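Data block below; observations after.
This one's a predicted model, so the numbers in the text were calculated from it and none came from an experiment.
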Amino acid sequence: MTNNGSEQAFRDSLAGLTPEIAAQQLNDKVGMEFGQLSPERVTATMPVDGNLQPYGLLHGGANAVLAEALGSTVAALNAGEGRIAVGVDLNCTHHRAVTSGTVTAVATPVHVGRSAVTAEVVVTDDAGRRSCTARLTCMVRDAPPAG
């Protein structure tokens, strides 16, 4: 994953993120690279290569990883200081197969409340065609005490 300044600032802000945990992020394993990071919009790309299912198509679980990562980031950026967001419901609809190239995902909040944030995540292929639509709801709660 590319560590641009805003991404690193976001990672640094996560409560309880130890170096051991930071080195084991699933986002890195699927080749995800974040772009824009704001409470209104989070973007990322992910290569299709290395994320295939047995029929040579982008794995639906890879779409789910991408959606959960972006949706939970939107939720965390909207949670507020001293608060964390944890995913409680993820729904993915796969519209078309992707066999090569890169997919791009854009997450936007559809509901920001005191105790829950819901985000829509749209995944498109290199031609800009929608390949997956996901919705993630995160519970927002106080961060656990450090230590």
Minimum-distance pair of heavy atoms, taken over all atoms of [X] and [Y]:
| X | Y | result |
| --- | --- | --- |
| A76 | A85 | N-CB, 3.8 Å |
| P39 | P109 | O-CG, 3.5 Å |
| A67 | V121 | O-CG2, 3.7 Å |
| A69 | S72 | O-OG, 3.3 Å |
| G71 | A119 | CA-CB, 4.0 Å |
| A134 | L90 | CB-CD1, 4.4 Å |

Spatial distance of atom [atom1] ([X]) from atom [atom2] ([Y]) [nearest 0.5 Å]:
| X | Y | atom1 | atom2 | result |
| --- | --- | --- | --- | --- |
| T133 | E120 | OG1 | CD | 6.0 Å |
| E40 | N78 | CD | CG | 7.0 Å |
| E33 | T102 | CD | OG1 | 9.0 Å |

query: Side chains of V88 and C138: does their closest heavy-atom pair fall under 4.5 Å?
result: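 When only atoms from C-beta onward are counted, C138 and V88 do not touch, as no gap falls below 4.5 Å.
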
- prompt: Quick one: salt bridge (Lys or Arg N to Asp or Glu O under 4.0 Å) pairs with a partner in residues 53-74, sequence neighbours left out?
  reply: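 Applying salt bridge (Lys or Arg N to Asp or Glu O under 4.0 Å) to every pair that reaches into residues 53-74, excluding sequence neighbours, yields nothing.
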
Connected via hydrophobic side-chain network under 4.5 Å: L37 and V140: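 Different clusters: L37 never reaches V140 through Ile, Leu, Val, Met, Phe, Trp or Tyr contacts under 4.5 Å.
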
query: Between V123 and V65, is there a shared hydrophobic cluster once you connect ILVMFWY residues whose side-chain heavy atoms come closer than 4.5 Å?
result: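 Yes, one cluster joins them.
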
Side chain to side chain contact (heavy atoms under 4.5 Å, CB included) partners for [X], two or more places apart:
| X | value |
| --- | --- |
| V48 | L52, L58, V98, V103 |
| R141 | I84, M139 |
| A44 | M32, F34, L66, L70 |
| D89 | R135, T137 |

- request: Might you work through the side chain to side chain contact (heavy atoms under 4.5 Å, CB included) test for T124 and S131, ending with a clear yes or no?
  value: CA-CA 5 Å; T124 56; S131 60; 5.7 Å; no

- prompt: Other than Y55, what residues sit in its cluster of Ile, Leu, Val, Met, Phe, Trp and Tyr side chains whose heavy atoms are under 4.5 Å apart, directly or through others?
  reply: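 Noted: Y55 shares its cluster with L57.
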
Whether N51 side chain and P47 backbone form a donor-acceptor pair below 3.5 Å: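 Present.
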
task: Indicate yes or no for a side-chain donor-acceptor contact from T118 to the backbone of V110 under 3.5 Å, with no hydrogens or angles considered.
output: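 A pair under 3.5 Å: no.
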
Side chain to side chain donor-acceptor pair (under 3.5 Å) against [X], all qualifying residues, sequence neighbours excluded:
| X | value |
| --- | --- |
| R129 | D125 |
| H111 | none |
| H94 | N63 |
| T108 | none |

task: Could you tell me which residues satisfy salt bridge (Lys or Arg N to Asp or Glu O under 4.0 Å) with R83, sequence neighbours excluded, listed by chain and number?
output: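 Once residues adjacent in sequence are excluded, the partners of R83 under the salt bridge (Lys or Arg N to Asp or Glu O under 4.0 Å) criterion are D142.
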
- prompt: What's the verdict on side chain to side chain contact (heavy atoms under 4.5 Å, CB included) for R41 and V106, showing C-alpha distance, side-chain angles and the deciding distance?
  reply: CA-CA 7 Å; R41 180 179 165 98; V106 178; 3.4 Å; yes

